[in-house]
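Scroll down for the structure; my scribbles are underneath it.
Computed from heavy atoms alone, side chains included, the values below leave out hydrogens, waters and symmetry copies. Every chain is numbered from 1 and lettered A, B, ... according to where its sequence line falls, protein lines coming before strand lines. For clarity, every value in this text was computed on a predicted model and none was experimentally measured.
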Amino acid sequence: MLDPKLFRNDLEQTAQHLARRGFKLDTKAIVDLEAQRKDIQVQTQSLQNERNTKSKFIGQAKAQGQDIEPLKAEVGQLAEKLKAAEERLSTLQHQIDQIVMGVPNILHESVPDGKDENDNVEIRKWGEPTQFDFEPKDHVDLGEKLDQMDFEAAAKIVGSRFVVLCGPLARLHRALIQFMLDLHTQQHGYTETYVPYIVNADSLRGTGQLPKFEEDLFKLNDERGFYLIPTAEVPISNIVRDVIISEDYMPRKFVAHTPCFRSEAGSYGKDTRGLIRQHQFEKVELVQVVKAEDSHNALEELTGHAESVLQKLKLPYRVVALCAGDVGFSSTKTYDIEVWLPGQQKYREISSCSNFEDFQARRMLARWRNPATNKPELVHTVNGSGLAVGRTLVAVMENCQSKDGTIKVPEALINYMGGIEVIK
RNA sequence: GGAGAGGUGGCAGAGUGGUCGAAUGCGGCGGUCUUGAAAACCGUUGAGGAGUGAUCCUCCCAGGGUUCGAAUCCCUGCCUCUCCGCCA
């Protein structure tokens, strides 16, 4: 959520900023609603003031034994007007909120212009696309040939976009998780965190998935309005919702491994093959809660932490800065890390690292107390995948395959595999 | 699942339907004292919002209700704690 003051004092400039990402702010509607709001709010408050004052007076009059009936009647009439005013105000405020909650974040000035993913800018590249002296297979062929990856069984058990892994491949999947968690906790200073996989609507509003993107979520058939998490970002970030933390709590760095659940509504026909796009996948997520002045450094740092996973696995990748049209709703700036997939002869997203500045914090009311002013200030939140586990598994399989269809376990994972060096 | 007790400011903890946005303690901040610190003492200290401003409004878990007036009474929901039962 943007600072509401921007809509009152800097509306045109805000609209221009938002236009960069192709978002059209309905300034006319806002000006109109704001004018009404101001008018009615002032009215309402003055009526409330009158009621309070007179009611207090009744108390005093009663204490002195005066006749208070006429006064009661007078204030009683006031109450009707007040109720009407309060209702109008709340309706208006609701309409304004509806608009404001649907407005994306303002982009950082360093974000490149552009319309869609084709305009993203490569920032750096690590390694070169893996060369083979044979025709490399994709992970589906490899996995099925090994008899350790079964999409049919999964389709029978639930439906499409799920997978069953068996044997060493399932273990490799687990090994990746352990490896990533150890790396981030031991070398990058993150606190290992275990969080709920089910969240309420308030949490999803806090991080920005709601109200706009409900269709991407799995909602439980439960009158409490629970959802499966689409990413650990939601439960982790909401740890600081509605609290005022102390200065020495920051920078706070959380890492958690969780499953993620996404409905993938609207992506029919996209990545239908393999486990690139699943309804359920594992992810190791990095979240940092920092002071405003630190967030852009934190984004660079966090992106580096995600990259180091790929470096240690010796998987070639590149980092791209998302262009204005491609940056997500809540983010001011996003780097995608894309790993090389020989099966597709393409770089594919394996991590997305974003700085939300105070956008999520304002929705979450996540604040810290600044000793300099002794006042609460909004924190900044930064997060990124470190990494998407399923896609990392794909990358390992495809980049480390041999001609005979076996897979060489990356050195960094051999200990986690109990010494297994080749998956066959 | 059954029985009970609660949810109040950064924390702990009072609160009779009418100067209660809320006693008190701790913590924080400022000061006195001290070579310095501690102790002691004095002062100060919730959040959000409207308005150019004086000032005003809202918030005592959330949502409804009663009332001229609700932290206080009533209803619903959520959460926490204690006991019993069941359970990975």
Evaluate the side-chain proximity of A:R161 to A:L275: yes if any heavy-atom separation is below 4.5 Å, no if none is. no
Using only side-chain N and O atoms of A:K72, determine if any of them is under 4.0 Å from OP1 or OP2 of B:G69. no
OP1 or OP2 of B:C57 under 4.0 Å from side-chain N/O of A:N49: yes
5'-most contact on RNA chain B: A:F226 or A:K5, nearest heavy atom basis? A:K5
Is there a side-chain contact between A:R369 and the phosphate of B:U45, meaning an N or O under 4.0 Å from OP1 or OP2? no
Between A:L82 (CG) and B:A70 (P), how many Å, whole number? 11 Å
Option passing side-chain contact (heavy atoms from CB on, under 4.5 Å) with A:V396 (candidates A:L172, A:V339, A:L169): A:L172
Go through the steps to decide whether A:F359 and A:H380 satisfy the test ring pair (Phe, Tyr, Trp, His ring centres under 6.0 Å), and finish with yes or no. CA-CA 8 Å; A:F359 189 86; A:H380 277 199; over 10 Å; no
Where each residue is assigned the nucleotide of RNA chain B containing its nearest heavy atom, which of A:E50 and A:V42 is assigned the position nearer the 5′ end? A:V42
Is the shortest side-chain N/O distance from A:K375 to OP1 or OP2 of B:A47 below 4.0 Å? yes
Indicate whether OP1 or OP2 belonging to B:C57 is found under 4.0 Å from a side-chain N or O atom of A:N52. yes
Under 4.0 Å between a side-chain N/O of A:R51 and OP1 or OP2 of B:U58, yes or no? yes
